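These notes are about the structure you will find just below.
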Amino acid sequence: DVKVTQSSRYLVKRTGEKVFLECVQDMDHENMFWYRQDPGLGLRLIYFSYDVKMKEKGDIPEGYSVSREKKERFSLILESASTNQTSMYLCASSYSRLPYEQYFGPGTRLTVT
Amino acid sequence: SQQGEEDPQALSIQEGENATMNCSYKTSINNLQWYRQNSGRGLVHLILIRSNEREKHSGRLRVTLDTSKKSSSLLITASRAADTASYFCATVYHTGNQFYFGTGTSLTVIP
């Protein structure tokens, strides 16, 4: 079974802190994704990566950066957390060929106070 | 936005009834996928239908695709309380490999 794990299920941080969210997959997938999910807005893509050290901005990259030093690991970084980044963060991975079925981690609920 | 739109936003039915939710999208797709999300958890892939297919079945799930209307529907037959979850469609386009998720349908099955 494909497994995507995220470093924390719940996280509480203070405004201005640097926050690291980590995601690891064990299926040798080329693609990895970070989404945030907010009520009424569905899933919005923050960044995705199609290879090690490669990244592409999604729909809402502002305030975030990412790092992919190893194929299995994709990190989301909030350089200076703000209260409007309180959200559910979901990591996903997929092969880099159609049909691009995605496998999700359990999510990290981040609260910024 | 290329995000799909789902309808209805929320659905409440009795156990044993069928549940139908719909997804509309905007441009030509390669495939459309349905995912399920239990409260506070990640999404789980349910079923995929390719643009050259009109209907697919998987257990109690039936998906249809009408490319002329740019719409898809997910039918869950003989619903159970355990089907209570949010359901999302995701459209995959011919260009690039990004997904576009809809905003989801929240299904409540009352025992």
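Atom set for the values below is all heavy atoms of this structure, side chains included, hydrogens, waters and symmetry mates excluded. If you're wondering where the values come from, they're calculated on a predicted model, not measured in any experiment. Chain identifiers are assigned alphabetically (A, B, ...) following the order of the sequence lines, protein sequences preceding nucleic acid strands; residue numbering begins at 1 within each chain.
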Residues B:S51 and B:N30: side-chain donor-acceptor under 3.5 angstrom: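 Checked: B:S51/B:N30 side chains show no N/O donor-acceptor pair below 3.5 Å.
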
Donor-acceptor side-chain pairing of B:S72 and B:W34 below 3.5 angstrom: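 Yes, B:W34 and B:S72 have a side-chain donor paired with an acceptor closer than 3.5 Å.
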
Chain B interface, residue from A:G107, A:P106, A:A92 that has the most non-hydrogen pairs under 4.5 Å: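 Answer, by heavy-atom pair count under 4.5 Å with chain B: A:P106.
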
Option that, when pairs with chain B are counted at under 4.5 Å, heavy atom only, ranks first among A:M88, A:E101, A:Q37: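 That would be A:E101.
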
A:F48 and A:F33 aromatic ring geometry - parallel, tilted or perpendicular at 30°/60° bounds: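 Aromatic pair A:F33/A:F48 classed parallel.
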
Region of B:L43 in contact with chain A, defined by heavy-atom distances below 4.5 Å: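 Both backbone and side chain.
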
Proximity breakdown for B:E6 and chain A, heavy-atom pairs closer than 4.5 Å: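 Neither part.
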
Atom group of A:E56 that falls short of 4.5 Å from chain B, counting heavy atoms: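 Contact with chain B involves no heavy atom of A:E56 at all.
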
Residue A:R9 versus chain B: region with a heavy atom under 4.5 Å: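 Only the side chain of A:R9 comes within 4.5 Å of chain B.
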
CD-CD distance between A:E62 and A:Q85, expressed to the nearest 0.5 angstrom: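 With rounding to 0.5 Å, CD (A:E62) is 10.5 Å from CD (A:Q85).
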
Check: B:I47 and B:K56 side chains under 4.5 Å, non-hydrogen atoms: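 Contact flag for B:K56/B:I47 side chains = yes.
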
